[in-house]
Amino acid sequence: LKKSDEPDDIMSKLGYEDILIRWVNYHIKRHGGERVIKNVGTDMADGYGYGHILKSVAPSLPANYFDLDQDNRAIQVIETCKK
């Protein structure tokens with residue numbers, strides 16, 4: 001999660017939310033997503049970041065969240081989490 005141009009001890013200086021944002025963005029980038037999450041509130045509300053995380057931790061789930069509009073994506077992510 002540390003960027004190549006950052007000092008080695010940067011991760012110990014970041015807050016929990018900053019580390020979480022980096023982790024979510026890592027999963028988005030890993031799966032070819034183009035958006036960047038900047039906060040865990042409004043940027044996460046539509047399920048985009050959660051969809052990428054689910055794709056990483058449960059790749060066998062058949063959902064394709066990224067073809068859905070933001071409301072349906074959020075609903076589908078919630079339903080998948082229930083499974």
Side-chain angles (χ1 to χ4, degrees):
L1 300 179
K2 182 183 97 52
K3 298 172 187 167
S4 60
D5 61 340
E6 294 178 324
D8 290 338
D9 64 343
I10 189 66
M11 296 306 289
S12 64
K13 296 178 181 179
L14 293 175
Y16 297 117
E17 188 170 314
D18 293 323
I19 294 170
L20 178 61
I21 289 168
R22 285 181 183 222
W23 183 72
V24 171
N25 285 323
Y26 163 80
H27 286 285
I28 292 171
K29 186 175 182 180
R30 180 177 173 214
H31 295 290
E34 297 178 6
R35 282 180 43 192
V36 175
I37 302 299
K38 296 181 181 172
N39 65 67
V40 293
T42 56
D43 286 355
M44 294 292 287
D46 69 353
Y48 185 81
Y50 293 115
H52 283 282
I53 293 168
L54 283 172
K55 195 171 181 180
S56 289
V57 299
S60 64
L61 293 174
N64 185 359
Y65 310 103
F66 314 108
D67 292 337
L68 303 171
D69 63 60
Q70 67 182 22
D71 292 332
N72 287 321
R73 182 184 317 117
I75 291 166
Q76 184 63 41
V77 165
I78 291 168
E79 291 303 315
T80 301
C81 288
K82 289 178 182 178
K83 293 178 185 176

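Of all the heavy atoms in Ala45 and Ala74, the pair that sits closest is O-CB, 3.8 Å. Closest approach of Lys3 to Arg22, counting heavy atoms only: N-NH1, 4.0 Å. Minimum heavy-atom separation, Lys2 to Pro7: CD-O, 3.5 Å. Closest heavy-atom contact between Ile21 and Ile37: CG2-O, 3.2 Å. Between Trp23 and Leu1, the shortest heavy-atom distance links the atoms CA-CD2, 3.8 Å.
Using a 4.5 Å heavy-atom cutoff, the side chains of Val36 and Lys29 are not in contact. The shortest distance between side-chain heavy atoms of His52 and Val24 does not fall below 4.5 Å. Using a 4.5 Å heavy-atom threshold, the side chains of Gln76 and Arg73 count as separate.
Residues forming a salt bridge (charged side-chain N to carboxylate O under 4.0 Å, His left out) with Lys38 (at least two apart in sequence, or on another chain): none. Scored by the side chain to side chain donor-acceptor pair (under 3.5 Å) test, Thr42 finds Asn39 as partners (sequence neighbours excluded).
The line from NE2 of His31 to CG of Leu54 is 9.5 Å long, rounded to the nearest 0.5 Å. Atom CG in Asp9 sits 9.5 Å away from atom CG in Leu14 (nearest 0.5 Å).
Counting heavy atoms of neighbouring residues, nucleotides and ligands inside a 6.0 Å radius, atom OH of Tyr48 exceeds 12 of them.
Checking Asp46, Asp43, Asn25 one by one against Arg35, the side chain to side chain donor-acceptor pair (under 3.5 Å) holds for a single residue, Asp46.
Residues Ile19 and Ile10 share a hydrophobic cluster, clusters being chains of Ile/Leu/Val/Met/Phe/Trp/Tyr side chains in contact below 4.5 Å. Follow the hydrophobic side-chain contacts under 4.5 Å out from Met44 and you reach Tyr26 in the same cluster. In terms of hydrophobic clustering, with Ile, Leu, Val, Met, Phe, Trp and Tyr side chains grouped at heavy-atom distances under 4.5 Å, Ile78 and Ile53 are assigned to different clusters.
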